[in-house]
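Here is the structure we will look at, set down as structure tokens.
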Amino acid sequence: MIYILQNAWQIIVATLIGLAAGAAFHAATGRRGRTALGLTITTVIAEAWFTAILAGALILAPAKAGAWVMAIGSAVVIWIGFVVPTAVVSLRSRGLGAGAIAAECGYWLVVMIVEAVVLHSVGLVAPT
């Protein structure tokens, strides 16, 4: 996990831009979440960790398909493999319908692609 320290500024920048993209997504879709301080802090920490894991995936991704394809592809594969199933089960267990689940999954897809683009654009340092 040393790559997190070696890429701290890239992860912070991608997290902040991802948070802004997520806020814009919620504003564009008319969905507003709670804005309590505790939830905001939890969201920032969770997104920073998520961005760090995405950075690790981008560092380890094979470049056979091209760097941009792998950057976007890694975000989409992580989204399909982990985010969508988790969101569906979690939100469905709370009684939310398909529209809310689709909106939440769409939010995370936008955030992950934006973060992958930022991480790839600013460059990542492979662990030494």
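Quick note: numbers below take in every heavy atom, side chains included, and nothing from hydrogens, waters or symmetry partners.
- Take Y107 and apply the side-chain hydrogen bond (donor to acceptor under 3.5 Å, both in side chains) test, not counting sequence neighbours, and it matches E47.
- Applying the ring pair (Phe, Tyr, Trp, His ring centres under 6.0 Å) rule to W68 yields the partners H120; only residues at least two apart in sequence or on another chain are considered.
- Here the shortest heavy-atom pairing between E115 and L54 reads CB-CD2, 4.0 Å.
- Every residue meeting the side-chain hydrogen bond (donor to acceptor under 3.5 Å, both in side chains) condition with T15, not counting sequence neighbours, appears here in chain and number order: T51.
- Here the shortest heavy-atom pairing between Q6 and Q10 reads O-OE1, 4.1 Å.
- The side chain to side chain contact (heavy atoms under 4.5 Å, CB included) check on V83 picks up F50, W79, W108, M112, with sequence neighbours excluded.
- I59 is connected to V76 through a chain of hydrophobic side-chain contacts under 4.5 Å among Ile, Leu, Val, Met, Phe, Trp and Tyr, so both are in one cluster.
- Grouping the Ile, Leu, Val, Met, Phe, Trp and Tyr side chains by contacts below 4.5 angstrom, directly or via other members, places W9 with I4.
- Distance check: C105 SG to L91 CG gives 7.0 Å after rounding to the nearest 0.5 Å.
- Smallest separation of non-hydrogen atoms from A48 and I11: O-CG2, 3.8 Å.
- Taking CG from N7 and CG from L124, the interatomic distance works out to 4.5 Å, rounded to the nearest 0.5 Å.
- Under the 4.5 Å side-chain heavy-atom criterion for ILVMFWY residues, a single connected hydrophobic cluster contains both F82 and V84.
- Annotation for A71 and A116: closest pair O-CB, 3.5 Å, computed over non-hydrogen atoms.
- Distance check: I53 CD1 to L58 CG gives 11.5 Å after rounding to the nearest 0.5 Å.
- Of all heavy-atom pairs spanning V111 and G18, the tightest one is CG2-O, 3.6 Å.
- Judged as a side chain to side chain donor-acceptor pair (under 3.5 Å), the pairs with a partner in residues 84-100 (not counting sequence neighbours) are, in order, S90-R94.
- Of all non-hydrogen atoms in I113 and I72, the two that sit nearest each other are CG2-CD1, 4.0 Å.
- In this structure, L19 belongs to a hydrophobic cluster whose other members, linked by side-chain heavy atoms under 4.5 Å apart, are I12, L16, V44.
- I80 is connected to V117 through a chain of hydrophobic side-chain contacts under 4.5 Å among Ile, Leu, Val, Met, Phe, Trp and Tyr, so both are in one cluster.
- Linking ILVMFWY residues whenever their side-chain heavy atoms come closer than 4.5 Å, directly or via other members, leaves I78 and V89 in distinct clusters.
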